[in-house]
Amino acid sequence: MIMVENFQYIDSLLYSILPFSLGAAFIGLILSLVTRVLKNDTVRIIGIALFIQCFAFVIILIVLQSFIIKEIRSNIKGILADHETKLFINSDDFGSIPPKKLKKELLKLTDISTNHSHPENIKTIQVTATSGDFNLFIGKDSNDPKEFWIFTDKYGLDMETEIGKIKTSRIKLENPMKSMKKR
């Protein structure tokens with residue numbers, strides 16, 4: 001858990017530097033264009049380096065975010081695997097599936113690529129664990145009725161940051177009129 005928070009801190013720090021990286025890339029682009037007229041190879045190389053650093057910076061941010069989500073998914077699965085962890089659900093939302101079976105299904109959490117779909121009928125699952133209480137949110141995929149998107153408010157995440165998906169035919173989300181709207 002501490003590792004996730006440390007990497008989230010590094011990620012936020014890098015995001016605060018991103019505008020400067022973009023500014024340096026813009027300056028690099030201008031230098032590269034101006035040096036074509038002035039025929040100065042050293043300045044042109046500096047301009048190209050300033051431009052390329054932005055791409056490297058963005059790649060580092062993407063890799064770091066992927067690593068953070070992978071660690072969060074692993075931590076959530078570890079919490080759910082603990083026999084002390086309890087799930088509290090509204091039976092109107094989940095039909096006949098008991099919390100223990102839902103917990104078993106949630107342990108299938110993995111990284112499944114998105115194919116032009118989005119979550120629908122999002123429901124809340126309250127999790128009480130020795131590491132602290134938090135919520136999981138589950139939404140049925142708009143294209144595949146056996147695929148569910150999983151979100152959490154643990155680690156300060158929001159409904160825009162999916163931590164993974166599960167494929168199962170055992171979960172049936174009920175009562176769409178009372179579902180939580182996507183923010």
Side-chain angles (χ1 to χ4, degrees), residues 1-26 28-29 48-82 85 87 102-127 129-171 173 179-183:
M1 184 159 102
I2 293 173
M3 186 165 76
V4 169
E5 291 166 349
N6 289 340
F7 281 116
Q8 282 181 315
Y9 174 75
I10 292 168
D11 185 58
S12 68
L13 184 66
L14 290 176
Y15 260 110
S16 66
I17 298 171
L18 183 60
F20 299 106
S21 177
L22 293 172
F26 180 72
L29 181 64
I48 291 170
L50 287 173
F51 189 71
I52 291 175
Q53 65 77 33
C54 185
F55 291 104
F57 193 79
V58 169
I59 289 170
I60 290 169
L61 280 172
I62 291 169
V63 168
L64 183 60
Q65 286 181 344
S66 296
F67 178 76
I68 290 170
I69 295 300
K70 182 180 174 188
E71 283 300 308
I72 289 172
R73 185 172 40 250
S74 176
N75 288 350
I76 295 295
K77 287 172 75 172
I79 291 169
L80 291 172
D82 183 0
T85 301
L87 301 183
L102 179 60
K103 186 176 171 182
K104 187 176 180 181
E105 293 300 314
L106 289 170
L107 285 170
K108 297 177 183 176
L109 184 64
T110 188
D111 183 26
I112 300 173
S113 64
T114 302
N115 295 315
H116 306 291
S117 61
H118 60 277
E120 298 179 326
N121 197 14
I122 298 172
K123 305 294 183 180
T124 303
I125 302 166
Q126 295 175 332
V127 181
T130 55
S131 61
D133 299 347
F134 61 94
N135 293 311
L136 289 175
F137 305 98
I138 183 170
K140 182 175 67 83
D141 187 82
S142 60
N143 290 337
D144 185 351
K146 293 182 180 181
E147 187 172 284
F148 295 87
W149 297 47
I150 308 297
F151 305 89
T152 186
D153 60 5
K154 192 167 178 67
Y155 307 108
L157 296 179
D158 57 20
M159 294 296 289
E160 298 298 318
T161 308
E162 166 207 339
I163 61 167
K165 294 182 183 151
I166 57 173
K167 280 195 174 257
T168 181
S169 59
R170 295 186 179 169
I171 297 175
L173 297 182
S179 67
M180 190 174 139
K181 299 247 190 249
K182 188 173 187 247
R183 297 179 205 175

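When a residue number appears, it is its place in the shown sequence, counting from 1.
In this structure, the ring-ring contact (aromatic ring centres under 6.0 Å, His included) partners of Phe55, at least two apart in sequence or on a different chain, are Phe51. Legend: residues meeting ring-ring contact (aromatic ring centres under 6.0 Å, His included) with Phe20, ordered by chain and number and at least two apart, are absent. In terms of the side-chain contact (heavy atoms from CB on, under 4.5 Å) criterion, residue partners of Glu71 (sequence neighbours excluded) are, by chain and number, Met3, Val4, Phe67.
Annotation for Lys165 and Ile112: closest pair NZ-O, 3.4 Å, computed over non-hydrogen atoms. Heavy-atom minimum distance, Gln53 versus Ala24: NE2-CB, 3.6 Å. The shortest heavy-atom contact between Ile69 and Glu162 is CG2-O, 3.8 Å. The nearest pair of heavy atoms linking Leu109 to Lys77 is O-NZ, 3.1 Å.
The backbone N or O of His118 sits less than 3.5 Å from a side-chain atom of Ser142, completing a donor-acceptor pair. No donor-acceptor pair closer than 3.5 Å links the side chain of Lys154 to the backbone N or O of Asn75. Without hydrogens or angle criteria, Ser66 side chain to Ile62 main chain gives a donor-acceptor distance under 3.5 Å. A donor-acceptor contact shorter than 3.5 Å links the side chain of Gln8 to the backbone of Tyr155.
Within a 6.0 Å radius of NZ in Lys146, no more than 12 heavy atoms belonging to other residues, nucleotides or ligands are found. Under a cut-off of 6.0 angstrom, the local environment of NZ in Lys104 is sparse, with at most 12 non-hydrogen atoms contributed by other residues, nucleotides or ligands.
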Report task. Could you give me the CA-CA distance, side-chain angles and deciding distance for Tyr15 and Asp11, then say whether side-chain contact (heavy atoms from CB on, under 4.5 Å) is met? Result -> CA-CA 6 Å; Tyr15 260 110; Asp11 185 58; 3.8 Å; yes

Requested in this report: Please report the C-alpha distance between Phe151 and Thr161 in whole Å, then the side-chain angles of each, then the deciding distance to 0.1 Å, and finally whether the side-chain contact (heavy atoms from CB on, under 4.5 Å) criterion is met.
Outcome: CA-CA 7 Å; Phe151 305 89; Thr161 308; 5.7 Å; no

Query raised in the report: Stepwise, does the side-chain contact (heavy atoms from CB on, under 4.5 Å) test hold for Asp144 with Lys167?
Result: CA-CA 9 Å; Asp144 185 351; Lys167 280 195 174 257; 2.7 Å; yes

Query - Step-by-step side-chain contact (heavy atoms from CB on, under 4.5 Å) determination, Ile122 to Leu173 - result: CA-CA 8 Å; Ile122 298 172; Leu173 297 182; over 6 Å; no

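Between the OG1 atom of Thr152 and the CD1 atom of Ile76 there is a distance of 4.5 Å, given to the nearest 0.5 Å.
Thr124 and Asn135 share no donor-acceptor pair across their side chains, judged by distance under 3.5 Å alone.
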